[in-house]
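These numbers were taken from a predicted model, which means no experiment stands behind them.
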Amino acid sequence: MHTRRLGEGAASRLDGVPAPVTDPPAVAVEGLRMAYGTKVAVDSLSLTVERGSVTAVLGPNGAGKTTTLETCEGFRRPQQGTVRVLGLDPVRDRRRLLPRIGVMLQSGGAWSGVRAEEMLRHIASLHAHPLPVPLLVDRLGLADCGRTPYRRLSGGQQQRLSLAMAVVGRPELLFVDEPTAGMDPQARRDTWGLLEELRGDGVTTVLTTHYLEEAERLADRVHIIDEGRLIASGSPGELTRGSGVSTIRLVVNRPFPEGAPASLRASLGDGTEVHPVDEHSLLITGPADATTLGKVAAWCEEQGVLPESLSLGQRTLEDVFLQLTRRELLR
Amino acid sequence: MSIGTFTPQPGAAPFFRQVLAQTRMETTLLLRNGEQLLLALVIPVLVLLAGVLAVDRLDVSLSHRPVDELTPGVLALAVMSTSFTSLAIATGFERRYGVLKRLGASPLPRHGLLLGKIGSLVAVELLQLLVVAGLALLMDWSPALTPRSVAGALVIAVLGTSAFAALGLFVAGALRAEATLAVANLVYVLLAAGGGAVLPASSYGGFGEVVRWLPSGALGAGFRESFLLGTFPLGPSLVLLAWTALGTLLTVRTFRWE
C-alpha cells in the first residue's frame, strides 16, 4: 500500500502533473542499503512512517537503527535505495527539510562549557516559532540544572536537554535516537509523558529503542530490525497477538534437567513452542487452555521440579523478538 | 484539530537572526573560557609591556621608538591568537562533542555557521584592539594615522584573519581535538617567537628572507608598514591573500564535520 502511494508521487513528478493532494508519508524508505567497509549495517530495508503516528524502530545494539535514522536526517547519503522524508530528499533538499524536523542525537551535541538553558535558548533562537524555553525546562525537569555547564550534567540530564533541543522548534516530525537510554525511572517517565503529549498534538515521531517496554508503551507501529534487516512490522497489538497465540511463563524451584524444552514440547504436542529463558524458567507459546496447563503440571511432576509460578499472558514484544531472532534483545 | 502546546509550527528564524545568535553564542563561550582569555588578552598585554621594557633595558637597536615598533606586532599576535589558535581549538572540540553535528541538524545553514564564527572573531578582535591599543596609547604610542595607513591596517587585519582562520579550520577539520589543541598552541608559540609577528623580519638575519613569506611575518610587517610608515602594505597583503587561498583550499578538501 505504502509502496503504491510512493510510486504515484514519483510518477506524477516525472510527468509534470501536480502532486496528489494527499500528503506523502512522513518517512518512506525503499530498499536502503548502507555498508561501512565490508560490514553491512542496513540491508534492503523498506519501511513507511505514517503522519501523526509514533513509530518505534526496535532492535539490539548494532542492528542498524542509528544508521537508518541518520540517513533520514540527511547526515548520510543512501548507498542504495531511496529515502524520502516529508516527500523531500534529505540530502538534496536538506535546507528545506531541516527547519521542519527535530533531531535528538544519541549523545553529545552541546559545547562543554555551555549552560543547559543557554544551549536550549540558542537552538530556540534558530527557529521561527520556538516553544517557550521555560515550559520545556519545567516539563523535562531541567530547572535544577538550568545554569549547570553541559559537561557537569548527568547522563540523564544531557539526554533530556537533547530531547528539549529536538522539540523546541515545534517540528512536525521528530527523530529521537534511544531517548531514554541510561535514564533513571523518573526521567524516563517525564520523557515518555512528553512524547505522548507530542503525539496528542499531532507530531509524528520516529524513535529507535532497544527497550521493549518503551516501544510497547509509546508506539503505534513497531518495526523490528535485526542485523540491518526488517524482520517484522505491525502495531504492538498485531505483533503480540499473533494468531490467537498466547504465552505461559513457567518458573520452577530448581534448574531444569538437560533437554527440558524438547521434552516438554514433546509432551504438549503440536501447536506449541517452548523457548528456554533461563535455567529456572521457560516460555511456552500456544493455546493457554486447561489441557495445556494440566500437561505442564504433569510434566513438572515427572521431571521432579516444582512450579513456583505459572503465568498466562499475551505475548510481549520480547517474546516476539525471541521467537523471530532466537536470541534475546537485552542482557 | 485544536491548537495544543506542541502543535507543529516549524520554520527557520530569519537568516541574519540566526547568524547573530550564533555570533553571540560563540563570543560568549570564547570569553568564558579562561585559557582563551589568556591567549587573547593577557599574553598580548604582557608581550607589549615586557617588550617595551626589555628593549629599553637591553639596548636592542630598532629604527623606531620601542612602543611604536612593538605595538603593530602585538596587534598581529592578537589576530593570530584569535583567528588561528582559539578558532582551531574551539572548532576541534565542536567536532568532538557533536556540536557541529547538532547544528547541522538545525535550521542554521553551514554558511551561517561560518558567518557566526567570523562574527565572533571580529567581536573578540575588536576587544583586543581596544585593550592593546588603549595600553599602547597610555605608553605614548603614536601611530601614523593617514587614510592610506588606516585602510592598509584594515585590509591586513581582514586578510590576516581570513588566512589564519582558514589554516585554523584546516587543522581543526583534519586532526582529532587533542591533536588540534597541541598543534594550534605549538604553531602559535613558534610563529610568535620566530615567525616575524612581533619583531621585523630584518631582526632575524638570514632567516628573515623566509620569515617575510610566512603568514605571521606578513601580518606583522603589514601592521608595521601601516602604522610606522603610513603607506599601504601591498606586499604583505598579497602574501596573506595567497595564504588565505591555500588555507581555504586545504580546508575545503579535508574538513570532516564529525
A quick test of your reading: do over 12 heavy atoms of other residues, nucleotides or ligands sit less than 6.0 Å from CD of B:E35? no

Turns out that what part of A:L135 lies under 4.5 Å from chain B's heavy atoms comes down to side chain

Separation between CZ (B:F6) and CG (A:L136), nearest 0.5 Å, reads 6.0 Å

On a heavy-atom basis, the closest approach of A:F75 and B:A105 is CZ-CB, 3.7 Å

Ranked by heavy-atom pairs below 4.5 Å to chain B, first place among A:L98, A:L97, A:L126 goes to A:L126

So, the part of A:R139 with a heavy atom under 4.5 Å from chain B: the answer is side chain

d(A:E73 CD, B:K101 NZ) to nearest 0.5 Å is 7.5 Å

Applying a strict 4.5 Å limit to non-hydrogen atoms, the region of A:R151 in contact with chain B is neither

One option among A:E172, A:M104, A:H127 has the most heavy-atom pairs under 4.5 Å with chain B, and it is A:H127

Applying a strict 4.5 Å limit to non-hydrogen atoms, the region of B:T28 in contact with chain A is side chain

Correct closest heavy-atom pair for B:A21 and A:S125 would be CB-OG, 3.3 Å

Nearest heavy-atom approach of A:P99 to B:P10 is O-CB, 3.4 Å

The reported gap from CD in A:E118 to CZ in B:R32 (rounded to nearest 0.5 angstrom) is 4.0 Å

So, the part of A:Q106 with a heavy atom under 4.5 Å from chain B: the answer is neither

Of the listed A:G74, A:S162, A:A110, the one with the largest count of heavy-atom pairs under 4.5 Å with chain B is A:A110

Between A:H122 and the options B:L108, B:L29, B:L103, the side-chain contact (heavy atoms from CB on, under 4.5 Å) test singles out B:L103

From the list B:P109, B:G112, B:G98, the residue making the most non-hydrogen contacts under 4.5 Å with chain A is B:P109

Practice task
Please say whether more than 12 non-hydrogen atoms of neighbouring residues, nucleotides or ligands are located less than 6.0 Å from CZ in B:R24.
Solution key: no

A:V103 and B:R102 have their tightest heavy-atom pair at O-NH1, 2.7 Å

Here the pair of heavy atoms bringing A:S112 nearest to B:Y97 is CB-CE1, 3.7 Å

* Donor-acceptor under 3.5 Å (A:R95 side chain, B:P107 main chain) -> yes

Original post:
Counting only heavy atoms not in A:R217, do more than 12 sit closer than 6.0 Å to its CZ atom?
Top reply: yes

One option among B:Q18, B:E94, B:M25 has the most heavy-atom pairs under 4.5 Å with chain A, and it is B:M25

Closest non-hydrogen atoms of B:T7 and A:R170, given as atom of the first, atom of the second and distance, are O-CD, 4.0 Å

